[in-house]
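What follows is a short report on a single structure.
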Amino acid sequence: MSETQFKFDKAIWKTVSSIKRGGVMSYGQVARIAGYPRHARMVSKAMSRSAEPLPWYRVVKSDRTLAFEVGSTAYHKQKNLLEKEGVQFIGGKVVPVDSDEGKDLDELLWGPPE
DNA sequence: CCCTTGACTATCT
DNA sequence: GAGATAGCCAAGG
């Protein structure tokens with residue numbers, strides 16, 4: 001494994017680990033904060049390569065939907081882990097815990113706007 | 001070196 | 001607002 005790649009991985013891991021419990025971050029955001037703009041696609045690889053357990057499930061797509069195919073095993077696994085941390089799912093999109101307080105009660109009761 | 005792939009993103013129809 | 005299109009960039013065949 002090259003030196004530059006190790007540096008990249010480390011930066012990604014550090015950034016992912018910094019995501020607060022109950023919060024989420026997009027791939028592009030993680031890449032940017034780690035110091036590697038436009039490397040969104042590489043973030044997934046870096047996480048897969050991680051030896052240490054990482055809160056990979058706190059990383060979602062830019063539109064706040066999960067990156068996996070809906071209905072897939074991985075999709076449900078990630079959804080479970082997030083919900084266990086208090087993250088809600090509305091209309092297939094995640095809603096971080098700190099965001100639901102400002103949310104309209106209507107939407108929570110009536111469900112997702114289709 | 002060319003081509004394909006992918007846990008992505010932004011923009012246009 | 002969903003689907004198509006075009007960028008993006010490292011890896012691997």
Side-chain angles (χ1 to χ4, degrees):
Chain A
M1 177 185 290
S2 73
E3 193 64 30
T4 56
Q5 173 156 84
F6 182 68
K7 249 171 66 177
F8 173 77
D9 285 0
K10 219 171 145 188
I12 296 301
W13 299 341
K14 183 176 175 182
T15 305
V16 172
S17 302
S18 76
I19 305 176
K20 293 198 204 74
R21 181 190 149 87
V24 295
M25 209 180 270
S26 77
Y27 289 84
Q29 206 172 6
V30 169
R32 193 177 62 242
I33 292 177
Y36 297 84
R38 294 186 289 295
H39 283 58
R41 306 187 93 122
M42 307 292 98
V43 173
S44 58
K45 289 176 182 265
M47 289 193 294
S48 299
R49 282 193 297 264
S50 172
E52 304 286 321
L54 228 54
W56 55 271
Y57 51 85
R58 294 184 188 153
V59 183
V60 300
K61 296 204 289 189
S62 61
D63 60 1
R64 285 197 265 153
T65 60
L66 304 191
F68 297 107
E69 184 187 357
V70 178
S72 66
T73 309
Y75 180 93
H76 289 300
K77 183 191 281 186
Q78 182 172 12
K79 187 168 185 279
N80 277 340
L81 288 165
L82 286 173
E83 287 177 332
K84 194 176 298 187
E85 299 200 343
V87 177
Q88 303 177 52
F89 282 75
I90 295 180
K93 299 184 183 200
V94 306
V95 181
V97 284
D98 32 281
S99 298
D100 73 324
E101 299 188 65
K103 175 166 295 309
D104 285 335
L105 185 58
D106 287 1
E107 195 172 319
L108 291 173
L109 295 178
W110 282 93
E114 295 286 331

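Here is the naming used below: chain letters follow the sequence lines, and residue numbers restart at 1 for every chain. Everything numeric here is computed off the predicted structure, so don't read it as measured data. We use all heavy atoms of the structure for the numbers below, so side chains are in, but hydrogens, waters and symmetry mates are not.
Taking atom OH of A/Y27 as the reference point, atom P of C/dG7 lies 24 Å away to the nearest angstrom. Rounded to an integer number of Å, the gap from CZ of A/F68 to C1' of B/dG6 is 12 Å. Between the P atom of B/dA7 and the CG atom of A/L54 lies a distance of 17 Å, rounded to the nearest Å. Between A/D63 atom CG and B/dA10 atom P there is a gap of 10 Å when expressed in whole angstrom units. The distance between atom CH2 of A/W56 and atom P of B/dG6, rounded to the nearest whole Å, is 18 Å. Rounded to whole angstrom, the span from the CD atom of A/E69 across to the P atom of B/dC8 amounts to 12 Å. Across the protein-nucleic acid pair, A/L66 atom CG and B/dA7 atom C1' stand 10 Å apart, rounded to whole Å. The CD1 atom of A/I12 sits 12 Å away from the C1' atom of C/dA10 (whole-angstrom rounding).
Side-chain contact between A/Y27 and A/M47 is present, with at least one heavy-atom pair separated by less than 4.5 Å. At least one side-chain heavy atom of A/R21 sits less than 4.5 Å from a side-chain heavy atom of A/R58. Using a 4.5 Å heavy-atom threshold, the side chains of A/M42 and A/I12 count as separate. By the 4.5 Å heavy-atom criterion applied to side chains, A/L82 and A/L66 are counted as neighbours.
If you take OG on A/S44 and CZ on A/R49, they are separated by 8.5 Å, rounding to the nearest 0.5 Å. Distance check: A/W13 CH2 to A/F6 CZ gives 6.0 Å after rounding to the nearest 0.5 Å. To the nearest 0.5 angstrom, A/T65 atom OG1 is 9.5 Å from A/F89 atom CZ.
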Nucleotide N/O of nucleotides 3-5 of chain C paired with protein N/O under 3.5 Å:
none

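Within 4.0 Å of A/S26, counting heavy atoms only, lie sugar-phosphate atoms of the nucleic acid but no base atom.
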In residues 69-77 of chain A, what donor-acceptor pairs under 3.5 Å come from side-chain atoms, sequence neighbours left out?
{"from": "A/S72", "atom 1": "OG", "to": "A/E69", "atom 2": "O", "distance (Å)": "2.7"}
{"from": "A/S72", "atom 1": "OG", "to": "A/Y75", "atom 2": "N", "distance (Å)": "3.2"}

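The shortest distance between the side-chain N/O atoms of A/S62 and the OP1/OP2 oxygens of B/dA10 is below 4.0 Å.
If you check B/dT9, B/dA7, C/dA10 against the side chain of A/Q5, the one that comes closest is C/dA10.
A/V94 pairs with exactly one of A/Q78, A/R64, A/E83, A/K61 by the side-chain contact (heavy atoms from CB on, under 4.5 Å) rule, that one being A/R64.
Of the residues in residues 33-47 of chain A, those placing a heavy atom less than 4.0 Å from an atom of DNA chain B are A/A40, A/R41, A/M42, A/S44, A/M47, in numerical order.
Positionally, the nearest nucleotide of DNA chain C for A/K93 lies more toward the 5' end than for the other of A/K93 and A/S2.
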